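Worksheet: one structure, shown below.
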Amino acid sequence: MERALKKHLAKTTKEKYFTIFKYSKKFTLSLVCKYLSDSRFGYLKWLKNGKPINKNYNRILAIKIKFIFYLFKERFGYNMITLLLNKYFNQNLKPWVVYRYMKINNLKAVRKKRVPKYDKSSPLRYENLLKRNFNADCLN
């Protein structure tokens with residue numbers, strides 16, 4: 001049992017519950033929960049709720065976030081998307097909620113490249129008037 005469960009010790013609670021679900025057929029439930037230092041009640045509550053991967057996940061809100069994200073060509077981050085959702089969809093969301101949904105759906109804003117304000121010079125700033133060859137024929 002130790003060999004099977006050793007790699008799952010330092011995981012999150014959600015991953016531990018999936019591990020308990022996987023190994024509860026081989027070993028007793030109380031023994032697996034005790035080894036992973038999780039409560040049996042918490043695991044059974046998680047099972048009763050339908051094994052949610054993400055807690056309190058709202059599909060409609062996720063679709064709205066994706067819509068705004070792709071509407072503005074993937075430029076806006078979670079703060080701007082929160083402002084737009086609150087303004088146009090009359091939602092009362094906090095930025096960390098939108099951040100969590102973007103993280104779940106693997107949405108990342110593209111950072112804008114700063115364009116320098118100065119003019120870049122041409123390949124040669126001054127014409128080579130002397131037409132000298134600066135390559136050495138042999139070593140010094």
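Just so it is clear, the model here is predicted, and its values are computed rather than measured.
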Pair up each side-chain donor or acceptor in residues 58-79 with any protein partner under 3.5 Å, not counting sequence neighbours, and list the distances.
from, atom 1, to, atom 2, distance (Å)
Asn58, OD1, Ile60, N, 3.2

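In this structure, Val110 is not a member of the same hydrophobic cluster as Leu107, with clusters built from ILVMFWY side-chain heavy atoms closer than 4.5 Å.
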| Step by step, would you call Lys26 with Val32 a side-chain contact (heavy atoms from CB on, under 4.5 Å)? | CA-CA 10 Å; Lys26 290 183 180 178; Val32 176; over 6 Å; no

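Qualifying side chain to side chain contact (heavy atoms under 4.5 Å, CB included) partners for Leu29, counting only residues two or more places apart in sequence or in other chains: Ile20, Ser24, Cys33, Arg40, Tyr43, Leu44. Residues satisfying the side chain to side chain contact (heavy atoms under 4.5 Å, CB included) criterion with Lys45, sequence neighbours excluded, are Phe41, Asn49. Shown here are the ring pair (Phe, Tyr, Trp, His ring centres under 6.0 Å) partners of Tyr17, two or more places apart in sequence or in another chain: Trp46. Residues meeting the side chain to side chain contact (heavy atoms under 4.5 Å, CB included) test with Lys87, sequence neighbours left out: none.
With rounding to the nearest 0.5 Å, the separation of NZ in Lys94 from CD in Gln91 is 13.0 Å. The distance from atom OH of Tyr57 to atom CZ of Arg100, rounded to the nearest 0.5 Å, is 9.5 Å. Once rounded to the nearest 0.5 Å, the distance linking NZ of Lys16 with CG of Leu36 reads 6.0 Å. How far OH of Tyr35 is from OG1 of Thr19: 12.0 Å, rounded to the nearest 0.5 Å.
For Lys25 and Phe27, the positive end is not near the middle of the six-membered ring at less than 6.0 Å and at most 45° from its axis.
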